[in-house]
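Take a look at the structure below.
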Amino acid sequence: MNKTVVLAKANNVLAGAHPSLPDLQGFGRREMAVEPDELASCFIYQVGALDGFLKRHGLPLNHIKPHGAIYGQTARNIDLARAVVGVAKVFNGSAAQPDTGVAFMGLAGTAHQQAAEELGVPFIAGNTVSFPFPCSPQSTLLIANGIEWFADLDYSDEGKLLITKYASD
């Protein structure tokens, strides 16, 4: 984390946390049954680690975006979404924009956006798009102008991201 924060500072890149479920062997890509309070604690722990390095190097925390399976779980479950979006408020003192707070990055039109609106947390809307050309698995995420693309996930015929319980779904 320290090296990444140093690189972000050197290149004027906004830094955000990408917390996940405590699924070390599955790299956070397997769904787990978790209660909202337990999930919030898990996120506070992970975001807090990054926040320490950001403070060490004088950088603010810009956003929080769930990683892996919990991205899909929180997009579908408003109670889990409220739990993780609420974590952004815990770190408002570390925000790039203290008057608005730490933003939450999530999938537009889902429980992510609903929870952010309910809790008054700035929302960075990720809109998925499918591309008509193959890309390498190394290009797992592209965010440009609010558009996300995941090379390792599936999309519907309409271009909507399909987040399933298992990688093989």
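Summarising the geometry, atom CD1 belonging to I124 is positioned 5.5 Å from atom CG belonging to N62; distances are rounded to the nearest 0.5 Å. Atoms CG and CG, from L39 and L21 in turn, are 6.5 Å apart once rounded to the nearest 0.5 Å.
V84 pairs with exactly one of I64, V47, T74 by the side-chain contact (heavy atoms from CB on, under 4.5 Å) rule, that one being T74.
Closest approach of E31 to A69, counting heavy atoms only: N-CB, 3.6 Å. In terms of heavy-atom proximity, C42 sits nearest to S20 at SG-O, 3.6 Å. Heavy atoms only, all atoms of each residue included: G106 and Y71 are closest at C-OH, 3.5 Å. Closest approach of A83 to P36, counting heavy atoms only: CB-O, 3.4 Å. Minimum interatomic distance between P66 and M105 (heavy atoms only, all atoms of both residues): CD-O, 3.6 Å.
Of the possible polar contacts, none joining the E38 side chain to the V34 backbone as a donor-acceptor pair under 3.5 Å is found. Put simply, the side chain of H112 gets close to the backbone of A75: a donor and an acceptor are under 3.5 Å apart. Between the side chain of Q73 and the backbone N or O of M32 there is at least one donor-acceptor pair closer than 3.5 Å. Listed for the H18 side chain is no donor-acceptor partner under 3.5 Å among the backbone atoms of G68.
Sorted pairs that involve residues 1-18 and meet salt bridge (charged side-chain N to carboxylate O under 4.0 Å, His left out), not counting sequence neighbours, are lacking altogether. For the salt bridge (charged side-chain N to carboxylate O under 4.0 Å, His left out) condition, the pairs that include at least one residue of residues 11-27, sequence neighbours left out, are D23-R30.
Under the rule for a side-chain hydrogen bond (donor to acceptor under 3.5 Å, both in side chains), the partners of Q114 that lie at least two apart in sequence or sit in another chain are E118. For N2, the side chain to side chain contact (heavy atoms under 4.5 Å, CB included) partners two or more places apart in sequence, or in a different chain, are V6, F53, R56, H57. Taking the ring pair (Phe, Tyr, Trp, His ring centres under 6.0 Å) definition, one finds that F43 meets it with nothing, sequence neighbours left out. Under the rule for a side chain to side chain contact (heavy atoms under 4.5 Å, CB included), the partners of A115 that lie at least two apart in sequence or sit in another chain are I78, A81, R82, V85. Residues passing the side chain to side chain contact (heavy atoms under 4.5 Å, CB included) test with V13 are A8, N11, sequence neighbours excluded. Considering only residues two or more places apart in sequence or on other chains, I44 meets the side chain to side chain contact (heavy atoms under 4.5 Å, CB included) condition with V87, V90, F91.
Stacking of K65 on the aromatic ring of F104 is not recorded, the 6.0 Å distance cut-off and the 45° axial limit not both being met.
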task: List the steps, then state whether side-chain contact (heavy atoms from CB on, under 4.5 Å) holds for V121 with V102.
output: CA-CA 7 Å; V121 170; V102 173; over 6 Å; no
